[in-house]
Structure formats: C-alpha cells, structure tokens
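Quick note on labels: first sequence line is chain A, next is B, and so on, each numbered from 1.
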Protein chains: 2
Amino acid sequence: MSKYDCLKLENQLCFPLYACAKAVTRHYKPLLDEFDLTYTQYITMMVMWEKKSASVKEIGECLYLDSGTLTPLINKLESKGYIEKHRSDDDARGVVVTITEAGKKLRDKMVKVPNDMGGCVALSEEEAGELYTLLYKILNHFDEIDAL
Amino acid sequence: MSKYDCLKLENQLCFPLYACAKAVTRHYKPLLDEFDLTYTQYITMMVMWEKKSASVKEIGECLYLDSGTLTPLINKLESKGYIEKHRSDDDARGVVVTITEAGKKLRDKMVKVPNDMGGCVALSEEEAGELYTLLYKILNHFDEIDAL
DNA sequence: TTAAAATAAATTGCATACAATTTAATTGTA
DNA sequence: TACAATTAAATTGTATGCAATTTATTTTAA
C-alpha cells in the first residue's frame, strides 16, 4: 500500500479502455482489408449509409472527429468511389458529402462484418449491454463538460 | 427493422469504445501538458515507475505496443531525461531502459493526476469496477486468440 | 451597410499505431 | 561447428488524431 498505487497501470481504468479500443480495431483489420477500408473509413461509411448526405461537420459530430482527420479520409473514400463531395448551395463554406451507388452496394457486401466481429468479443448479450451503457455514460458526461 | 440495422453506428459496441478511449486521452491532455508528456508517454512512465528497468519488448508487452511505436517514444522520454537506454549485456540484440532520478522525481509530481482525471469520469466506484472487469474480459480473450 | 466576429474546411505539424522490412545478434540443429 | 531459423530493435510507409493556423464565406452588430 503506497501513495504511488494510483499511478500503477493495473489500477487505471483508462488503460484497459485504451488498450481494448486498439485491440478491437486491430481485430477489425483482417475483416476490413477484404473491402480495402480502414476502421475509421468503415464507421464513416456507417454514417453515410444512414444519412445518405451530410456535411463534414455533421460527420464529425457523429464520429467525434474534426476536419483535420476527416478531410483526407473523405478524399480517400471519394477516390474509392463510395462518396462524392460538392460545395453546399446554401452555404459555400460547407461541403456536402453524398453516398454513391457503389457506396450503397458496399453496404450489402458488408452486412456480414458485424457478425464476424461479434465472434471475437468474449461477452454475453447482457455484458455487452452493460458495457454499452457504461461507455455512453462516460461519453455523454464528456459531451456535457465540453458543451460548457 | 432492416437487415442493415447491424451496420448502424448506434448498434455498435466498438464505436463507443473507440470514441470513449479517444475522449479519455483527450481529457488527459491538459493535465499532462503541465508535465510535457503525452498520454502514451505517461503510461510508459507508469511501467518504468513500477519496473525501474525493462527491455523495449517488455514495455511493449505491458502496453500492447510494438517497437515501431516505442522506439521513437522512448527516445523522446530519454531526451527529456526521465529514462536511459543501453544495450543489454546478456543479449546485445536487446535494449534495456532504466528510469533516472529525474524520472523518479516526476512520479512524486504526478501522483495527483489520477485523482484529477477521476473527476472527469461520470461513474460510481461500482460502475467503474464493472467497466474494468468487462474491458479486461475482452482484452484477455483477445490475448488468448492471439496466442494461438 | 459595413466591419468585426463567427463558422466550415482545408492545411500544417506533431505524435501515435501498426504492418512490413531490415539489421544485428542469438539459438537450435543437422 | 556451420548455418538456418528465430528474435529484438530500428526503420519505413501509411493512416489516423488533434491542436493550431489559414482561407473563404456568412452572420452579427454597431
């Protein structure tokens, strides 16, 4: 029992969170390689599949990413043919990203991915639900703090 | 209810994990800036505070990082004066990293960090414990898979 | 109405991550 | 004992993340 115990790796909550997030994206890689997508590109496509059309800012709000990350990433998805970019008519500062037909087709090919990934995670339905709730509790609290 | 529901961002467990890990390290930043350390450098120092001396490989096993990440990071910590590197006597392939006096002193200055950070996280003791258990359950399972 | 403030993307710079390759050294084995 | 296989770091290359700055445009307010 020492005053330094709080600085031990094993007593951190942040560390398993950090390590686990990395492990998950690392285990997504072989599944996503088949589609020539990275994890970040994959979740960006999730936003596009749902919204069909969104500004860079909106995508960033969904994914907690800024334009510094999204601009090059969106350019790559455009070069792969899954989305298109054009200036907004209403507001020439904004860029509207739209899903293409190829992007919509990709969705059909990728429906199996979540199931394939689910097999990697060792949790029961119930545990997964608990984890989900706890993570969003933290995230929502950060959102509140940051909104101040 | 569509066959695409599994590809919705809100139905993913990976996404809040990914977003939460980023949010936590982002909120560490102002606390760590004071010590001119990044989050990864901070957890590397945690390993060094505990072990006093460790090879790059050992540090990597603790943190789930490889030499591609650690080599430049360790060089930075060395240039800050917190650790020292030298070739191993037993095995000239290996590098032994050792904590310096300045590195030990840093520990005293940083004992307050975990408490300061704890205030940011919205969870009760009990919830934090649950989260900790769930995260290590996933991590340990990945370790088992990867060991095959 | 027009200049200042605010906003959206893009750009720049730094620090990870990590796969893949390279280099140097050590082990295992025929 | 040579020599192939293995191992530990370092290096290289690609892709994030994110703070800070820049550019273009729009809002706000005097």
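- L65(B) places its CG atom 15 Å from the C1' atom of dA9(D), with the value rounded to the nearest Å.
- Remark: K109(B) engages no residue in a side-chain hydrogen bond (donor to acceptor under 3.5 Å, both in side chains) (not counting sequence neighbours).
- The pair E58(B)-K51(B) does not count as a salt bridge, with every side-chain nitrogen at least 4.0 angstrom from each carboxylate oxygen.
- Between W49(B) and Y42(B), the ring-plane angle classifies as perpendicular under the 30° and 60° cut-offs.
- Comparing dG17(D), dA25(C), dA17(C) by their nearest atom to the side chain of T69(B) picks out dA17(C).
- Listed by residue number, K29(A), S55(A), V56(A), K57(A) are the residues of residues 27-60 of chain A with a heavy-atom contact under 4.0 Å to DNA chain C.
- In this structure, K22(A) places its NZ atom 13 Å from C1' of dT16(D), rounding to the nearest Å.
- Applying a 4.0 Å cut-off to non-hydrogen atoms, the residues of residues 72-88 of chain A that approach DNA chain C are K85(A), listed by residue number.
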Review item, nucleotides 1-3 of chain C N/O atoms under 3.5 Å of protein N/O:
none

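- When the side chains of ILVMFWY residues are joined at heavy-atom separations under 4.5 Å, either directly or via intervening members, V96(A) and V56(A) end up in two distinct hydrophobic clusters.
- Rounded to whole Å, atom P of dT11(D) lies 14 Å from atom CG of L70(B).
- Backbone-only engagement by G94(A) is indicated by non-hydrogen atom pairs under 4.0 Å involving sugar-phosphate atoms exclusively.
- The neighbour count for D33(A) CG, taken as heavy atoms of other residues, nucleotides or ligands under 6.0 Å away, is above 12.
- In the helix from dT1(C)-dA30(D) to dA30(C)-dT1(D), the end axes, each obtained as the rotation axis mapping the C1' atoms of four pairs onto the next four within a five-pair block, lie 10° apart to the nearest 10 degrees.
- By the 4.5 Å heavy-atom criterion applied to side chains, L7(A) and P114(B) are counted as neighbours.
- Once rounded to the nearest 0.5 Å, the distance linking OH of Y132(B) with CZ of F15(A) reads 9.5 Å.
- Between V97(A) and L77(A) there is no side-chain heavy-atom pair separated by less than 4.5 Å.
- Remark: K22(B) engages Y64(A), L65(A), Y18(B), R26(B) in a side-chain contact (heavy atoms from CB on, under 4.5 Å) (not counting sequence neighbours).
- Of the options D91(A), D90(A), D89(A), a salt bridge (Lys or Arg N to Asp or Glu O under 4.0 Å) to R93(A) is made by D91(A) and by none of the others.
- Residue K8(B) holds its NZ atom at 12.0 Å from CE of M46(A), rounded to the nearest 0.5 Å.
- One N or O donor and one acceptor, one from the side chain of S67(B) and one from the base of dA10(D), sit under 3.5 Å apart.
- In this structure, K105(A) does not pair ionically with E101(A), as no charged nitrogen and carboxylate oxygen lie closer than 4.0 Å.
- The OH-C1' distance, from Y18(A) to dT16(D), rounds to 13 Å in whole Å.
- To the nearest 0.5 Å, the span separating NE2 on H141(A) from SG on C20(B) amounts to 12.0 Å.
- Among the atoms of the strands shown, base atoms are found under 4.0 Å from some heavy atom of D66(B).
- The phosphate of dC18(D) (OP1 or OP2) has a side-chain N or O of R26(B) nearer than 4.0 angstrom.
- Looking at T44(B), I83(B), I43(B), V95(B) one by one, the single match for side-chain contact (heavy atoms from CB on, under 4.5 Å) with I59(B) turns out to be T44(B).
- Distances shorter than 4.0 Å separate some side-chain N or O of T71(B) from OP1 or OP2 on dA10(D).
- The side chain of R93(A) lies closest to dT26(D) when the candidates are dA9(D), dT7(D), dT26(D).
- Mapping A23(A) and D91(A) onto DNA chain C by nearest heavy atom places D91(A) at the nucleotide closer to the 5' end.
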